[in-house]
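Chain letters run A, B, ... following the sequence lines, proteins first, then strands; residues in each count from 1.
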There are 2 protein chains.
Amino acid sequence: MSAPAQERPHLLRIGDLARATGKSSRAIHLYEELGLLQPATRSSGGFRLYEPGAVERMRWIDLLHGLGFSLQEMRGVLENWWSSEQGPAAMEELRVLFQRKLEETRESIRRHRDLERELMEGLAYLETCRACATPAAPVKGCVHCTQDHGMKEEPALVAGIMTSPEPGHRSGRGSFVRVEDIG
Amino acid sequence: MSAPAQERPHLLRIGDLARATGKSSRAIHLYEELGLLQPATRSSGGFRLYEPGAVERMRWIDLLHGLGFSLQEMRGVLENWWSSEQGPAAMEELRVLFQRKLEETRESIRRHRDLERELMEGLAYLETCRACATPAAPVKGCVHCTQDHGMKEEPALVAGIMTSPEPGHRSGRGSFVRVEDIG
DNA sequence: TCAAACCCTCACGTACAGGTTAGATTTAGG
DNA sequence: CCTAAATCTAACCTGTACGTGAGGGTTTGA
């Protein structure tokens, strides 16, 4: 069983930290390699031992990951911070960084809302197919569907599927049609 | 100059398609390899020639990519569609799929809004550092900052940086401190 | 006819964030 | 003491979505 590291009772072993944060120990190893998190010390046998604050650091990593930071970028933030001479100046840099991320996040929200709209249009279109005039027709028929779908154009989500012919199987030289063999 | 393929005036060469969609020709090659898009034909010399509908297909790929589909998944959608016997049934499958994606998209919007809030809290906290009582202090001082930041706890974005000691450089066996050498 | 664009097919490289062995060691509990 | 569980290092594998040449053909306009 996992008895939270007895040598120093308040220290966590890697498995404890992993469970506490929902990450794998491999991930924690990786974060260490990349300079994102160091164990406070090691056991006499070499086991990593973490202070509870490591859990905060891990959450922080998760948070920044969600914001689109790469692990390298996080390392940059950390280095930048800890190598800074003046506290408030470092704070200012962070502020600028977060401000930028805030805008990116809002942009991302906008984009996702566009996608949401796109999906809703697509769904509205497909709704109408439930009352299709030719229920047993093969899909190829849909390409020339004359039914009224209640909108001027097919939504991109649906149009993109039908505008091009079905994709062939694995491509590969050898069996393509020369254009002058067609006309 | 790029004169849009003369053999059949309405056909696009790969470069035209690339420019029309903002993708690289390499990407288009890739889509073809993965069965997402086939050229309508080839020129006598082997150049890929696309119908205008290919632009729609490309946009569709982009759209689904934004929704978190992988290229393989898109291929699945396409295959599923074109191999379906009954049009409306295929439409129904699509509908279910898009419905699921719609929920995922909304979930993603929720998550991003949480991140937005997190960022705003972090920024509010850092704002107050501009009026720091000890402006010339090194960042290590911030860890024990006693200034009033107007909130009960440090926001996770800031706390995660300060709770753990600065990350060492490249980790590597050999120079860690045995726990019993400390006390 | 000729050169500048353009395109072809391999085939290997890249970045990201880990997963997955493997073989050896350490720790905790009975 | 002995064993099962946890951990250690090292090194290679995965999947995604392309990028980047190399080496050589094709188109096109002048």
Exercise for review: Apply the test salt bridge (charged side-chain N to carboxylate O under 4.0 Å, His left out) to residues A/Glu118 and A/Arg111: give CA-CA distance (whole Å), side-chain angles for both, the deciding distance (0.1 Å), then the verdict.
Suggested key: CA-CA 11 Å; A/Glu118 204 72 65; A/Arg111 279 213 331 281; over 6 Å; no

Salt-bridge present ([X], [Y]; N to O < 4.0 Å):
X	Y	answer
B/Asp16	B/Arg19	yes
A/Arg113	A/Glu116	no
B/Arg110	B/Glu107	yes
B/Glu103	B/Arg106	no

Calculate the interatomic distance between [X] atom [atom1] and [N] atom [atom2]; express it in whole Å.
X	N	atom1	atom2	result
A/Arg42	C/dT26	CZ	P	13 Å
A/Arg19	D/dT7	CZ	P	6 Å
B/Ile14	D/dT27	CD1	C1'	16 Å
A/Phe47	D/dA5	CZ	P	14 Å
A/Leu11	C/dT27	CG	P	14 Å
A/Arg26	D/dC8	CZ	C1'	13 Å
A/Asp62	C/dG18	CG	P	8 Å
B/Glu33	D/dT16	CD	P	14 Å

On a heavy-atom basis, the closest approach of A/Glu56 and B/Ala159 is OE1-CB, 4.0 Å

#### Entry: Residue pair B/Ile161 / A/Trp60, side-chain heavy-atom distance below 4.5 Å
yes

Nucleotide N/O to protein N/O under 3.5 Å, stretch nucleotides 15-17 of chain C:
| residue | atom | partner | partner atom | Å |
| --- | --- | --- | --- | --- |
| C/dA17 | OP2 | A/Leu71 | N | 3.1 |

Does [X] place a side-chain N or O at less than 4.0 Å from the phosphate oxygens OP1/OP2 of [N]?
X	N	result
A/Arg13	D/dT7	yes
A/Arg48	C/dT27	no
A/Ser44	C/dT27	yes
B/His29	C/dC8	yes

Select base, sugar-phosphate, or nothing to describe what A/Ser25 touches, counting heavy atoms under 4.0 Å on all strands. nothing

One should read off an interatomic distance between B/Leu71 CG and B/Ile61 CD1, to the nearest 0.5 angstrom, of 7.5 Å

One should report the stems of DNA chain C, each a stretch of at least three consecutive Watson-Crick or G-U pairs at distances under 3.5 Å, as C:1-30 with D:1-30

Hits for salt bridge (Lys or Arg N to Asp or Glu O under 4.0 Å) against B/Glu121, two or more places apart or cross-chain, chain-then-number order -> B/Arg117

